[in-house]
Protein chains: 2
Amino acid sequence: MERADLHDEHTVFTRTGEFADRDAFTAAGWCAMERSLEVVGTRSAMMLVREAFYGGRRFDDLVRRTGLAETVASKRLRQLVTDGLMERQPYRVPGARTRHEYVLTERGRSLFPLFVALMNWGATNGAQGGVELAHAGCGEPLLPAVRCGAGHDVGIEETEARLAPFGPRSGEQGR
Amino acid sequence: MERADLHDEHTVFTRTGEFADRDAFTAAGWCAMERSLEVVGTRSAMMLVREAFYGGRRFDDLVRRTGLAETVASKRLRQLVTDGLMERQPYRVPGARTRHEYVLTERGRSLFPLFVALMNWGATNGAQGGVELAHAGCGEPLLPAVRCGAGHDVGIEETEARLAPFGPRSGEQGR
DNA sequence: CTGTATCCCAGCGGATACTG
DNA sequence: CAGTATCCGCTGGGATACAG
């Protein structure tokens, strides 16, 4: 029934009062965040996704641009395909023999906000240089944001954590 | 000078033509994403940040709610403090002896969009249940979004990757 | 060019035992 | 309650060598 913690001045999220025991939050099955980390929680996975975003498709390019060892890239790509983030597609340039390329699936592309968030947070470290993401239309740099289903901008203090109701998830990816 | 890749139908990001060699993207110093992963790329780090968002502050609570071993939590918390994501603050309940609590710094709180992105991506896996984040004002679930500095919504196809100019980073965290 | 097989090391995370 | 010290297994990632 508690809505606030002992030291309110440090409260970040509010929590709805549906749980007598705050530990129910943690115990409520697997956290969605941990599920994400199981798939894209490794450096190699995100680096390969990054290069796919940048347009890399051939094994050789992905290996060279990520700087990963071939063995690591090979194993991780196979897992990414298994996990449904990438597809291995055959293609042929006329006159050459058939090759394969790795392309992001829709699920893989839906990592876009996560990727932007990672890029932005790492870029606000005081470090400079490197690749920057920008809006192709106006040239302004990209920023991660948080909205609600009704379209409101949501700040961290206006966020509420609660147990999800049964039934399908209400939140799909925004564009 | 290339703006598009060999197989345009699969191009994700466009790239500006400033680089004769596409590998310059990767070689351009450390990727900001990798810098992020060095700090929050472990399961334990993100779990502790998560619990801090949920309002956990005392060592004991953080350990129990994350399910981490004490040793792991201890080491990771120390590192999070070192990395500037958390602060260890003394406090006293009158009549009791001084205790410490871990509170997120502004830098730690700026992981909010990343956290939302991870939660949302894991929740769109077909799995159900668990904690859901919502807008305290209207009750709608939270969605990660991507905007540019001019306030436009940016989709993945309108994104351009380029080498950041010298000088301070233009992109600060949106709210 | 696109991988796979092996071997190796470092780091993450857990179990146990012990301190203030 | 709030940690630290030690030990230990597992996995991520790299090096080398080899194959279709």
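Every chain is numbered from 1 and lettered A, B, ... according to where its sequence line falls, protein lines coming before strand lines.
For the pair A:Arg43 and B:Glu34, the minimum side-chain heavy-atom distance is below 4.5 Å.
Atom CG in B:Asp61 sits about 9 Å away from atom P in D:dC1, given to the nearest Å. Atom-to-atom, CD of B:Glu38 to P of C:dG11 comes out at 11 Å; the value is rounded to the nearest Å. If you measure from atom CZ of B:Arg64 to atom P of D:dG3, you get 14 Å, rounded to the nearest angstrom. One interatomic measurement links the two molecules: CZ of B:Arg92 to C1' of D:dC1, which rounds to 15 Å at whole-angstrom precision. The CZ atom of B:Arg99 sits 10 Å away from the P atom of D:dG3 (whole-angstrom rounding). Rounded to a whole Å, the CZ atom of B:Arg88 is 12 Å from the C1' atom of D:dC1. One can place CG of B:Leu80 at 12 Å from P of C:dC12, the figure rounded to the nearest angstrom. Spacing between atom CZ of B:Phe59 and atom P of D:dC1 amounts to 11 Å, rounded to whole angstrom units.
Taking a cutoff of 4.0 Å between a charged side-chain nitrogen and a carboxylate oxygen, A:Asp153 and B:Arg147 qualify as a salt bridge. Ionic pairing of B:Arg162 and A:Glu132 is present here: one or more N-O contacts between side-chain nitrogen and carboxylate oxygen are shorter than 4.0 angstrom. A salt bridge links B:Glu157 to A:Arg109: at least one charged side-chain nitrogen sits closer than 4.0 Å to a carboxylate oxygen.
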### Task
List the protein contact pattern of nucleotides 5-20 of chain D with one symbol per nucleotide (5' to 3'): B for base contact, S for sugar-phosphate-only contact, - for none; contact means a heavy-atom distance under 4.0 Å.
BB-----SBBBB----
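Remark: B:Arg107 engages A:Thr124, A:Asn125 in a side-chain hydrogen bond (donor to acceptor under 3.5 Å, both in side chains) (not counting sequence neighbours).
Secondary-structure annotation of DNA chain C gives the stems C:1-20 with D:1-20, with a stem taken as at least 3 successive Watson-Crick or G-U pairs whose two distances both fall under 3.5 Å.
Counting all heavy atoms, side chain and backbone alike, A:Gly122 lies closest to B:Arg35 at O-NH1, 3.0 Å.
With A:Glu51 contributing its side chain and A:Leu48 its backbone, the two residues share no donor-acceptor pair below 3.5 Å. No side-chain donor-acceptor contact under 3.5 Å links A:Thr159 to the backbone of B:Ala136.
Note on B:Val39 and B:Val81: same hydrophobic cluster, where clusters join Ile, Leu, Val, Met, Phe, Trp and Tyr whose side-chain heavy atoms are under 4.5 Å apart, directly or indirectly.
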